2 protein chains.
Amino acid sequence: MEDEFAALYLEHQLCFPLYAVSRFTTKIYAPYLEELGVTYPQYLVLLVLWQYGEQSVKDIGQRLYLESNTLTPLLKRLTQKGLVKRERAQADERTVLVSLTEQGQGLREKASLIPQRILGSFQSGAISEGELLAFQKTLHKLLGVLEEKVVGEV
Amino acid sequence: MEDEFAALYLEHQLCFPLYAVSRFTTKIYAPYLEELGVTYPQYLVLLVLWQYGEQSVKDIGQRLYLESNTLTPLLKRLTQKGLVKRERAQADERTVLVSLTEQGQGLREKASLIPQRILGSFQSGAISEGELLAFQKTLHKLLGVLEEKVVGEV
DNA sequence: GTTAAATATATCGCACACGATTTAATCGTA
DNA sequence: TACGATTAAATCGTGTGCGATATATTTAAC
C-alpha cells in the first residue's frame, strides 16, 4: 500500500512539530513573563540588552533575526512600560540607540530565576538530559544552516 | 568568574533557537507556498484536510493546537480562495464542518512535491541524516510533553 | 561641492496567535 | 420538561512577524 501522499502526513512533517513546540514554549513562559510584565518577544529584547548593553535597533535585530518593522513598535511598548530608553545617536542620526532604564536593569534579577524553572517543563521521564542536550546541539546547528539560507551571508 | 546571569545568555537558551528556527522554516516554505497561493498556517489546515477529509473546526484545532479564534478567520480566507467549503452540521448546528473543494483537493498533487524540496534546505554537511532523524524524534517527544503541560490532558 | 547610492528607522497592510468574552445550540438533571 | 451547565464557533482587542514602501541621514562618486 504505497501512498503517494505519505510525505504530506502531519506526523511525517518536521516543520509542524517545530511550529507547535515553539508556540507551546511561548505559552510555558507566559506565567513567568506576566510577573515581569512583558511578552515573550519583549523578553528576548531584554535578554540581548542585559547581555550586551546599549545597542542600536539594528544590533538587536541581527541578534534576534528581527527587523525594524517588528522592533520599532515593540521597543515603543517597552519604552511605554519604562523598561527601555530610545535615543538617536549623536554621531549618526539615522541610528537609534536602545538602552535599559534602571527599572529595566532591575528586572534582570527576577528574570534570572526563570530559565531553571522553564527547564523543568522540558524535562520528563521520556527525555533524558543527554537527549535534550543533543537536541539543543542540533538545534543550534540547524539555526546556523537556516540562517545562512534565509538571512543570506552578505 | 562565575556569572549569576549566565542562564540568561541568548546562546544558553533553548527557547530562542526554537523560536528562530521555527520562523526561518516558515520563510523557507514561503516560495513554495506562494505557488499554491496559501500561507503557512493555511497550508497546515490543508494538510489535515487532505489527510483526514471533512471535519469540524474543533477537529482541525485539536490536530494543529489552534482554536476557533485563529481558525475561523483563516478558514474564511481559504473559503474566499475557493479551496474549502464550510457548512453547519445537520446533526448539531453548533458544529461547522470544513471540507475541500475540488480545487482544494487538486492542490494536493502540487503540494506532494514540497516536503522533499524542503528537506534539502535542512540537510547540510554539518548535520548528518541520522542526527536529523534523532532530532525529529526528540522533537516529537517534546511535543508530547509540552502538549500535556499546555493543553492539559482531560 | 553636488548628487546618486546606501543605510537605519519608521510606517503600512495583512495574517496570524491568543486571552477573554459572546452567541447559539445541545445536554443533563431535577 | 424546564432550565442551568456545557459545548462549538464567532467576535474582539492586543501584540507580533513580515513584505513592501517611505523618510531621513550619511557616504561615495564625480
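What you are looking at is a predicted structure, and each value in this text was computed from that prediction instead of being measured.
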Would you mind writing out the side-chain donor-acceptor pairs for residues 25-39 of chain A within the sub-3.5 Å range, not counting sequence neighbours?
{"unit_1": "A:Thr25", "atom_1": "OG1", "unit_2": "A:Val21", "atom_2": "O", "d": "2.7"}
{"unit_1": "A:Thr26", "atom_1": "OG1", "unit_2": "A:Ser22", "atom_2": "O", "d": "3.1"}
{"unit_1": "A:Thr39", "atom_1": "OG1", "unit_2": "A:Gln42", "atom_2": "N", "d": "3.3"}

Tell me which donor-acceptor pairs under 3.5 Å the side chains of residues 62-74 of chain A have, and how far apart each pair is, sequence neighbours excluded?
{"unit_1": "A:Arg63", "atom_1": "NH1", "unit_2": "A:Gln55", "atom_2": "OE1", "d": "2.6"}
{"unit_1": "A:Tyr65", "atom_1": "OH", "unit_2": "A:Glu147", "atom_2": "OE1", "d": "3.2"}
{"unit_1": "A:Thr72", "atom_1": "OG1", "unit_2": "A:Ser68", "atom_2": "O", "d": "3.0"}

Any protein N or O atoms within reach of nucleotides 21-27 of chain C? Criterion: under 3.5 Å, listing atom names and distances.
{"unit_1": "C:dT26", "atom_1": "OP1", "unit_2": "B:Glu93", "atom_2": "N", "d": "3.0"}

Shorter than 3.5 Å, N or O on both sides, protein versus nucleotides 11-13 of chain C: list them out with atom names.
{"unit_1": "C:dT11", "atom_1": "OP2", "unit_2": "A:Lys76", "atom_2": "NZ", "d": "2.7"}

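Between the C1' atom of D:dT16 and the CG atom of A:Leu78 lies a distance of 12 Å, rounded to the nearest Å. Separating the OH atom of B:Tyr19 from the P atom of C:dA17 is a distance of 12 Å, rounded to the nearest angstrom. Between the CG atom of A:Leu74 and the P atom of D:dG17 there is a distance of 8 Å, given to the nearest Å. For A:Tyr29 and D:dT16, the OH to P distance is 16 Å, given to the nearest whole Å. Following rounding to the nearest Å, B:Ile60 (CD1) and C:dA17 (P) show an atom-to-atom distance of 15 Å. The separation between B:Ile28 atom CD1 and D:dC18 atom P is 12 Å, rounded to whole Å. With rounding to whole Å, B:Tyr43 atom OH is found 15 Å from C:dC16 atom P. Rounded to a whole Å, the CZ atom of A:Arg23 is 13 Å from the P atom of D:dG17.
Within the nucleic acid shown, B:Phe24 has no heavy atom closer than 4.0 Å to any nucleic acid atom. Looking at heavy-atom distances under 4.0 Å, A:Glu67 makes no contact with the nucleic acid at all. Across all strands shown, B:Leu71 has no heavy atoms under 4.0 Å from either base or sugar-phosphate atoms. Residue B:Thr26 is out of contact with every strand shown, counting any heavy-atom pair closer than 4.0 Å.
Each of A:Tyr65 and B:Val57 has a nearest nucleotide on DNA chain D; the 5'-most of these lies closest to B:Val57. When each of A:Lys81 and B:Lys27 is assigned the nucleotide of DNA chain D with its nearest heavy atom, A:Lys81 is the one assigned upstream, toward the 5' end.
We find that B:Glu131 and A:Lys141 are joined by a salt bridge, their nearest charged nitrogen and carboxylate oxygen being less than 4.0 Å apart.
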**Message:** For A:Leu8 and B:Tyr43: C-alpha separation, side-chain torsions, deciding distance, then whether side-chain contact (heavy atoms from CB on, under 4.5 Å) applies.
**Reply:** CA-CA 10 Å; A:Leu8 291 179; B:Tyr43 171 72; 3.6 Å; yes
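Pairs engaging residues 117-126 of chain B under the side-chain hydrogen bond (donor to acceptor under 3.5 Å, both in side chains) rule: none recorded [sequence neighbours left out]. Pairs engaging residues 114-133 of chain A under the ring-ring contact (aromatic ring centres under 6.0 Å, His included) rule: none recorded [sequence neighbours left out].
Distances from the side chain of B:Arg88 to the nucleotides D:dA10, D:dC18, C:dC16 place D:dA10 closest. Between D:dC18, C:dT9, C:dC18, one nucleotide has an atom nearer to the side chain of A:Leu66 than all others, and that is D:dC18.
Taking only side-chain nitrogens and oxygens, A:Thr95 never comes nearer than 4.0 Å to OP1 or OP2 of D:dT25. Applying the 4.0 Å criterion to OP1 and OP2 of D:dA10, one finds that B:Arg86 has a side-chain N or O inside that range. The shortest distance between the side-chain N/O atoms of B:Arg77 and the OP1/OP2 oxygens of C:dC16 is below 4.0 Å. One finds no side-chain N or O of A:Tyr40 lying less than 4.0 angstrom from the OP1 or OP2 phosphate oxygen of D:dG15.
Summarising the geometry of A:Leu75 relative to A:Val84, their closest heavy-atom pair is O-CG1, 4.4 Å, with the distance given to 0.1 Å. The shortest heavy-atom contact between B:Val96 and B:Arg86 is CG1-CB, 4.0 Å.
Within 6.0 Å of CD on A:Gln80 lie no more than 12 heavy atoms contributed by other residues, nucleotides or ligands. The number of heavy-atom neighbours closer than 6.0 Å to CD of B:Glu129, taken from other residues, nucleotides and ligands shown, is 12 or below.
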